[in-house]
Amino acid sequence: MSVYDTLAERGFIEQVTDEALIRDMLARHAVTCYIGFDPTATSLHIGSLVPIMSLVHMQREGHRPIALVGGGTALIGDPSGKSEMRRILTRDEIDTNAGAIKQQLARYLDFNDEKALLLNNADWLTELNYIEFLRDIGRHFSVNRMLSAESYRMRMETGLNFIEFNYMLLQSYDFYYLNKHYGCTFQMGGNDQWGNIVAGIDLTRRLEETRVYGITFPLLTTAQGHKMGKTEKGTVWLDAALTSPYDYFQYWINTEDADVERFLALFTFLPMEEIRVVRTLVDAELNMAKSVLAFEATKITHDEEAALSAWKASAAAFNLRPVDSKLFPSSAIPRRALTGDRSAITTINKSRKELEKGIAAFELFEEVGLCSSRGEARRLIAQGGAYANGSTIGRFDDIIGIGQLDDYGEIRLRKGKKSYVIIKIVE
RNA sequence: GGAGGGGUUCCCGAGCGGCCAAAGGGAGCAGACUGUAAAUCUGCCGGCGAAGCCUACGGAGGUUCGAAUCCUCCCCCCUCCA
């Protein structure tokens with residue numbers, strides 16, 4: 001069984017250039033493969049998790065992944081899948097982002113001894129000479145064919161800028177370049193990258209007379225058709241500083257029923273035989289499967305300690321039932337209740353003096369970040385969605401202070417059913 | 001370069017002198033129901049501790065008691081012509 005079968009079985013594959021040849025190639029020898037990552041922010045988010053996991057699977061089976069940070073292509077902006085031209089970032093912004101993303105990817109992939117490579121296409125793209133590029137590369141592209149690509153066709157409606165039109169050539173050049181210099185023969189990417197991948201394959205064949213391959217991943221939405229990785233707190237980032245491991249855990253545990261099996265296959269390394277059991281689970285047991293998904297996913301992106309502490313906090317807050325020992329035997333998730341530990345929940349320190357004085361509830365909710373404005377906090381309280389230590393806050397200007405401290409010296413603030421912040425007294 | 005159409009709150013999209021913090025939908029938040037799910041129903045959905053004020057309809061000016069709405073210039077996008 002080759003990685004190809006693993007990827008296929010786990011739901012990673014949408015389109016393939018040549019299934020038989022790819023399966024054979026991956027089974028026969030170590031392959032160098034690549035995926036591009038856009039440095040458009042200082043952190044990747046859940047949307048990049050499918051590509052990342054696929055690279056991890058490749059590495060686990062002895063292949064060599066290249067994570068290509070698109071520092072050069074980001075200067076252009078990929079129009080694929082976008083209905084509008086996006087903001088073009090400055091060189092500095094891109095360099096900062098590229099650096100941050102490199103660090104982040106190192107949590108998933110082993111870059112020691114060149115077992116995986118991190119490259120930035122700015123290194124070669126910015127060296128290109130326009131006239132030479134047109135003569136050597138541009139002549140291999142048919143405008144007619146490019147216009148028939150799905151990614152460009154949809155933009156014919158709203159308008160396509162020339163700078164974006166060149167994106168396909170640059171990504172194609174990347175593939176050619178990686179093939180020539182690193183022996184890379186396999187490109188993977190989201191399904192919106194299909195046109196770019198195929199163009200790169202054509203270009204490499206014309207220039208090098210080498211056959212290279214590609215696959216695309218399905219573009220993931222939830223069973224409801226919502227984009228993944230968006231919550232009331234905004235994007236779910238992979239960086240613990242932007243999205244805490246606890247919030248990350250919560251994102252996964254809130255997965256819709258219909259997505260649990262699919263997500264376990266994509267976002268954990270648990271064996272498929274254990275995952276397939278999910279389709280027989282209902283009610284409480286299905287929620288256990290969500291715990292396992294959240295635990296395993298958090299463990300991969302953060303670490304086991306963070307996953308455990310998020311699990312404990314979540315279990316304490318939601319009276320989570322421990323996962324049955326017969327389910328998911330490969331998972332290291334705890335099988336029995338552990339003492340309540342809420343340390344993973346966002347905690348804000350307050351001095352005794354501040355608490356003695358007390359703070360109006362609507363100001364406090366805004367201050368600790370549960371609400372984005374005092375007005376929002378007032379509305380929340382008016383609608384009965386604000387709680388202190390489990391009881392509803394009646395008036396927007398009720399004073400929260402020293403009197404509400406519990407035995408642990410804490411006040412638990414809650415918004416709705418799921419969002420908590422703990423106020424802790426510091427002497 | 002010429003002619004026409006357009007840029008509205010997170011997104012789509014109506015409004016085209018006061019009744020506009022701006023219809024409708026989506027997204028989001030809360031409540032009810034539940035299983036920290038989905039679906040459904042209800043309420044909310046720019047900021048400021050009331051009234052009221054401030055900020056917002058591409059940008060800058062102007063007309064008017066009053067401008068998202070009218071005028072001038074500028075920027076950007078689309079369509080057709082060149």
Does any nucleotide pair with [N] by Watson-Crick or G-U wobble geometry, both distances under 3.5 Å, and what is it?
{"N": "U34(B)", "answer": "none"}
{"N": "C45(B)", "answer": "none"}
{"N": "A14(B)", "answer": "none"}
{"N": "A60(B)", "answer": "U72(B)"}
{"N": "G4(B)", "answer": "C78(B)"}

Please tell me whether [X] and [Y] have a donor and an acceptor in their side chains that are separated by less than 3.5 angstrom.
{"X": "Asp174(A)", "Y": "Gln171(A)", "answer": "no"}
{"X": "Gln250(A)", "Y": "Ser314(A)", "answer": "yes"}
{"X": "Ser331(A)", "Y": "Glu296(A)", "answer": "yes"}

[N] to [M] separation - [atom1] atoms, rounded to the nearest Å:
{"N": "C20(B)", "M": "C74(B)", "atom1": "C1'", "value": "27 Å"}
{"N": "U72(B)", "M": "C81(B)", "atom1": "C1'", "value": "27 Å"}
{"N": "C29(B)", "M": "G46(B)", "atom1": "P", "value": "15 Å"}
{"N": "C45(B)", "M": "C78(B)", "atom1": "C1'", "value": "32 Å"}

Just to confirm, is there a sub-4.0 Å distance from OP1 or OP2 of A37(B) to any side-chain nitrogen or oxygen of Lys418(A)?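 Checking A37(B) against Lys418(A), a side-chain N or O does come within under 4.0 Å of OP1 or OP2.
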Could you check how far CG of Asp259(A) sits from P of A39(B), rounded to whole Å?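 Atom CG in Asp259(A) sits about 11 Å away from atom P in A39(B).
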First of Ala315(A) and Glu363(A) reached from the 5' end of RNA chain B, by closest nucleotide: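 Closer to the 5' end of RNA chain B: Ala315(A).
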Given the side-chain rings of Tyr177(A) and Trp124(A), with only the six-membered ring counted for Trp, is the space between their centroids under 6.0 Å?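 Under 6.0 Å, so yes.
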Could you check, using the six-membered ring where one of them is a Trp, whether Phe186(A) and Tyr34(A) have ring centers closer than 6.0 angstrom?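 For Phe186(A) and Tyr34(A), the ring centres are not under 6.0 Å apart.
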Heavy atoms under 4.0 Å, any strand shown: does Thr255(A) hit a base, just sugar-phosphate, or nothing?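 Sugar-phosphate: the residue Thr255(A), judged by heavy atoms under 4.0 Å, touches backbone atoms but no base.
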Using nucleotides 31-34 of chain B, report all nitrogen or oxygen pairs with the protein that are shorter than 3.5 Å.
| residue | atom | partner | partner atom | Å |
| --- | --- | --- | --- | --- |
| G31(B) | OP1 | Tyr387(A) | OH | 2.7 |
| A32(B) | OP2 | Lys417(A) | NZ | 3.4 |

To the side chain of Leu380(A), which of G49(B), A30(B), G35(B) is closest?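 My answer, after comparing the listed nucleotides, is A30(B).
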Under 3.5 Å, sequence neighbours excluded: what are the donor-acceptor pairs made by side chains of residues 320-328 of chain A?
| residue | atom | partner | partner atom | Å |
| --- | --- | --- | --- | --- |
| Asp324(A) | OD1 | Lys326(A) | N | 2.9 |

So, Lys350(A) and Glu367(A), do they make that salt bridge, N to O below 4.0 Å?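 Salt bridge present between Lys350(A) and Glu367(A).
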